[in-house]
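Numbers for residues simply follow the sequence, beginning at 1. In what follows, every heavy atom counts, from backbone to side chain, and hydrogens, waters and symmetry copies are set aside. In each ligand, atom 1 is the first atom listed, and ligand 1 is the first ligand listed.
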Amino acid sequence: MSAQTRILGHILHAYGRRFRLAKGSHPITLTFSVTSRCQSRCLTCHIGDKSRKGHFKDKPDLSLDEIEKIFKSLGKLYFFNVSGGEPFLRSDLPDIVELAIEHLKPGIIHIPTNALAPGPIEKGCREILQKIRKRNIKIPLTVKPSIDGLGDLHDKIRGVRGNFEKLEETIIRLKLLEEEFPEFHLELGTVISRYNIGQLSEIEDYVHTLGVQSYRNEIAEERAEFFNKGDGIAPSAELYEKVIQRFAEEIRRHVGKKRPLTRLTESLRLTYYEFAVKILKKRTQVIPCYGGISNLHLNYNGQLWPCCVLGYDKPLADLRDLNYDVQRAMKTPQARAILDFIRKKGCYCPLANQWYSNILLNPLALARVILNYFFIDLRRKRA
Ligand code: SF4
């Protein structure tokens, strides 16, 4: 079955779930926080700091056996996003990805990293790529080290002295891996917060000098998952809009020479930026959110979430109590109540991976992506 047909199947199911015509769970995307362990002590996230109030200290990470049961009950999806803590702290990460390939049959695998352990990160990536090759299948693997500043600013935001040097070493190692494995893609990512909003141009210029093809950024958010509520880390909507306009202009400037697929991705990104600004200004879901339907988040402790923003505050279920059965979990009154809460716009946020799905699921938003695709250069010339 082609990727397009599979995504179409997921989209139809998501419509069905939203209008209560379909049952069960058939998400496009699963994000799996494989561990809460992390060596970083970021100003924007306290997952690795077990001394934080409300932190779930005593729950072990899901074992491989537990993970396999969950994946089996979930079935096929398209995007498999690994998250953490720091994913590469789990030495069995390649086995987790192998289980995902076996049971979820993802079309794309994505892993972020804090880049603090260049050797083990390279080793983990190589093992995953070898497992993919051994199966004789083609699944793109993207690994995204974080870059939140240059030099000392990066170390300050990430809370670890010497982090920037480790990041540079990680980039060199992963770029060499890219030459060896064409299905491997290195990208870099920045969380835009009030700590680095003044240095974003320098970061972007630096990324371009490295020759890294893909660079993503996301606005810092206060989430139950990060134990950072009330920290005031996000820039204002107005400031964010200014930054985003500049990023959008950069995309328009470079998009002309890019391949059709990249152009389509960039059009989707532009549309997301437009929505993110509107969401922050209007403080509501400006189009319906399919959190818990199109996307699911599995936490390291077996909790199933509609998204990482609601996270511990509104878990759909604890899969350890439900025999690791996602389909059963989605039928519980608790899960139904939370999906209702989201449907009635009880929450809002600009969470990027959820909003990419929301855009795909909204005909008007999708039309906007298509407009951006065809008129991307024209809009630049007029600007
Ligand atoms: S709007 Fe944000 S907080 Fe609400 S369900 Fe969607 S992703 Fe989660």
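In summary, Arg269 and Glu266 engage in a salt bridge, as defined by a charged side-chain N under 4.0 Å from a carboxylate O. A salt bridge is absent between Glu238 and Lys281: the closest approach of a Lys/Arg side-chain nitrogen to an acidic carboxylate oxygen does not fall below 4.0 angstrom. A salt bridge links Arg90 to Asp92: at least one charged side-chain nitrogen sits closer than 4.0 Å to a carboxylate oxygen.
Side-chain contact between Leu93 and Val82 is present, with heavy atoms from C-beta onward closer than 4.5 Å. Here the side chains of Ser294 and His10 are not in contact, with every heavy-atom distance at 4.5 Å or above.
Listing protein N, O or S atoms at distances below 2.8 Å from atom 2 (Fe) of ligand 1, with waters left out, gives Cys349 SG.
Under the 3.5 Å distance criterion, with hydrogens and angles disregarded, no donor-acceptor pair is assigned to the side chains of His297 and Asn81.
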